[in-house]
2 protein chains.
Amino acid sequence: MRIGELAARAGTTTRTLRYYESRGLLPARRGDNGYRTYDEEDLKLLRQIRTLQDFGFDLEETRPFVECLRAGHPEGDSCPASLVVYRRKLAELDTLIEQLTSVRAQVAAQLTRAEAAVPGGPEPKCELGGHG
Amino acid sequence: MRIGELAARAGTTTRTLRYYESRGLLPARRGDNGYRTYDEEDLKLLRQIRTLQDFGFDLEETRPFVECLRAGHPEGDSCPASLVVYRRKLAELDTLIEQLTSVRAQVAAQLTRAEAAVPGGPEPKCELGGHG
DNA sequence: GTAAGCCTTGACGCGGACGTCAAGGCAAGA
DNA sequence: TCTTGCCTTGACGTCCGCGTCAAGGCTTAC
């Protein structure tokens with residue numbers, strides 16, 4: 001399998017694959033013509049990376065998962081190092097969600113306060129017969 | 001008041017103030033020597049910007065608030081345009097918090113699943129006598 | 001042979017809010 | 001006068017995950 005096919009099968013681009021290779025995350029063998037060559041195993045690694053990226057993991061944070069798979073384990077998170085990343089990410093998410101929730105509350109309070117003072121601002125939101 | 005003093009009083013840097021000016025957000029008068037000159041009103045504008053920035057507002061999103069103050073209103077959110085930004089930001093925050101919460105749940109599920117399979121992974125979290 | 005469609009490397013662009021020099025002007029105290 | 005410390009503009013660097021050319025080589029079909 002060449003780079004274009006792998007990219008298509010993983011729903012990404014060739015540019016992305018070359019970038020991963022430049023980071024040492026997904027190295028490729030080369031054919032006689034210099035073309036990159038991949039196999040089904042690489043597709044599995046790539047899908048692991050993409051899944052974590054979609055979760056908002058930094059590229060570096062996916063490395064333990066990739067190495068875990070490459071070491072022969074059935075899943076990318078079958079290794080302690082991957083679990084460490086999971087736990088750290090959970091903590092980060094908790095902190096972030098907490099902060100955002102706090103900000104949301106403050107902004108909501110400001111909006112409520114300001115709406116009461118601006119003419120035409122407070123859009124009438126009836127408590128009766130509403131759909132929200 | 002010159003740029004250094006204003007920056008210090010607002011807890012920011014001169015670089016930041018020059019950046020705001022380059023964006024047309026906080027223009028400055030100039031003295032005979034070419035130095036930027038600010039007054040108490042500018043400090044108020046700057047504090048409004050900083051507060052919103054701390055909330056995660058983009059710089060452009062602070063513009064209506066600044067213009068509102070500059071128009072003579074008592075608060076930056078005393079104008080309809082500011083309220084529009086508030087509401088949009090609230091919607092963004094809700095979406096973001098929702099997404100992050102979803103991701104958090106998925107990561108937590110993965111962690112739980114993986115911990116059950118990795119030797120040394122599942123740190124014993126007793127249900128009895130805990131403090132969590 | 002030639003056009004199309006893959007592939008290669010190299011390198012600059014992007015977005016956002018600044019940080020960090022660099023080279024020089026101005027002001028005030030000793 | 002000299003030093004110190006403020007100020008000026010200009011311009012490149014940072015972070016991250018790529019996007020987007022550019023210039024050229026390989027392969028395949030016709």
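A note on names: the letters A, B, ... follow the listed sequences, proteins ahead of strands, and every chain is numbered from 1.
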Separation of [X] atom [atom1] from [N] atom [atom2], in whole Å?
| X | N | atom1 | atom2 | result |
| --- | --- | --- | --- | --- |
| Glu5(A) | dG5(C) | CD | P | 18 Å |
| Tyr20(B) | dG16(C) | OH | C1' | 11 Å |
| Leu26(A) | dG17(D) | CG | P | 15 Å |
| Glu21(A) | dT9(C) | CD | C1' | 12 Å |
| Arg50(A) | dG17(D) | CZ | P | 10 Å |
| Arg23(B) | dG15(C) | CZ | C1' | 11 Å |
| Arg2(B) | dG5(D) | CZ | P | 14 Å |
| Ile3(B) | dA27(C) | CD1 | C1' | 17 Å |

Are Phe55(A) and Tyr86(A) an aromatic pair, judged by ring center distance below 6.0 Å?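 Centroid separation for Tyr86(A) and Phe55(A): 6.0 Å or greater.
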For residues 27-42 of chain A, which residues have at least one heavy atom under 4.0 Å from DNA chain D?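 The stretch gives Asn33(A), Tyr35(A) as the residues lying under 4.0 Å from the strand, ordered by number.
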Mind listing the residues from residues 55-62 of chain B sitting with a heavy atom below 4.0 Å of DNA chain D? Number order is fine.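 Residues of residues 55-62 of chain B under 4.0 Å from DNA chain D: none.
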Less than 4.0 angstrom between a side-chain N/O of Gln53(A) and OP1 or OP2 of dC16(D), yes or no?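 Answer no for this pair, as no side-chain N or O of Gln53(A) is under 4.0 Å from OP1 or OP2.
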Who pairs with Gln106(A) by side-chain hydrogen bond (donor to acceptor under 3.5 Å, both in side chains), at least two apart in sequence or on another chain?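 Gln106(A): side-chain hydrogen bond (donor to acceptor under 3.5 Å, both in side chains) contacts with Ser102(A).
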Nearest heavy atoms of Arg23(A) and Arg63(A), plus distance in Å: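 Smallest interatomic distance, heavy atoms only, reads O-NH2, 2.9 Å.
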Closest non-hydrogen atom pair, Tyr38(A) against Arg2(A):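 For Tyr38(A) versus Arg2(A), the nearest heavy atoms are CD1-C, 4.1 Å.
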Glu41(A): which residues meet the salt bridge (charged side-chain N to carboxylate O under 4.0 Å, His left out) condition with it, sequence neighbours left out?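 Glu41(A) satisfies salt bridge (charged side-chain N to carboxylate O under 4.0 Å, His left out) with no residue once adjacent residues are dropped.
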Under 3.5 Å donor-acceptor pairs involving side-chain atoms of residues 6-15 of chain A, not counting sequence neighbours:
unit_1   : atom_1 : unit_2   : atom_2 : d
Arg9(A)  : NH1    : Glu40(A) : OE2    : 3.0
Arg9(A)  : NH2    : Glu40(A) : OE1    : 3.1
Arg9(A)  : NH2    : Glu40(A) : OE2    : 3.4
Thr12(A) : OG1    : Thr16(A) : OG1    : 3.4
Thr13(A) : OG1    : Thr16(A) : N      : 3.1
Thr13(A) : OG1    : Thr16(A) : OG1    : 3.0
Thr14(A) : OG1    : Arg18(A) : NH1    : 3.4

Results of side-chain contact (heavy atoms from CB on, under 4.5 Å) for [X] - residues two or more places apart only:
| X | result |
| --- | --- |
| Glu75(A) | Asp77(A), Ser78(A) |
| Glu61(A) | Phe57(A), Asp58(A), Val85(A), Arg88(A), Lys89(A), Glu92(A) |
| Leu69(A) | Lys44(A), Leu45(A), Gln48(A) |
| Leu90(B) | Arg104(A), Val107(A), Ala108(A), Leu111(A) |

Using a 4.5 Å cut-off on heavy atoms from C-beta on, say whether the side chain of [Y] contacts that of [X].
| X | Y | value |
| --- | --- | --- |
| Phe65(B) | Cys68(B) | no |
| Arg36(A) | Met1(A) | no |
| Arg50(B) | Leu46(B) | yes |

Side chains of residues 24-35 of chain A: which donor-acceptor partners sit under 3.5 Å, not counting sequence neighbours?
unit_1   : atom_1 : unit_2   : atom_2 : d
Arg29(A) : NH1    : Asp39(A) : OD2    : 3.4
Arg29(A) : NH1    : Asp42(A) : OD2    : 3.1
Arg29(A) : NH2    : Asp42(A) : OD1    : 3.1
Arg29(A) : NH2    : Asp42(A) : OD2    : 3.0
Arg30(A) : NH1    : Gly34(A) : O      : 3.0
Asn33(A) : OD1    : Tyr35(A) : N      : 3.0

Nearest-nucleotide wise, let me know which of Arg18(B) and Thr12(A) is further upstream toward the 5' end of DNA chain D.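 It is Arg18(B) whose nearest nucleotide is closer to the 5' end.
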In the 5'-to-3' direction, what one-character label does each nucleotide of nucleotides 19-24 of chain C receive under the scheme B = base within less than 4.0 Å of a protein heavy atom, S = sugar-phosphate only, - = no such atom? BB----
Rounded (10°) bend between the five-pair end axes of the helix from dG1(C)-dC30(D) to dA30(C)-dT1(D):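 Here the helix ends are tilted 30° relative to one another.
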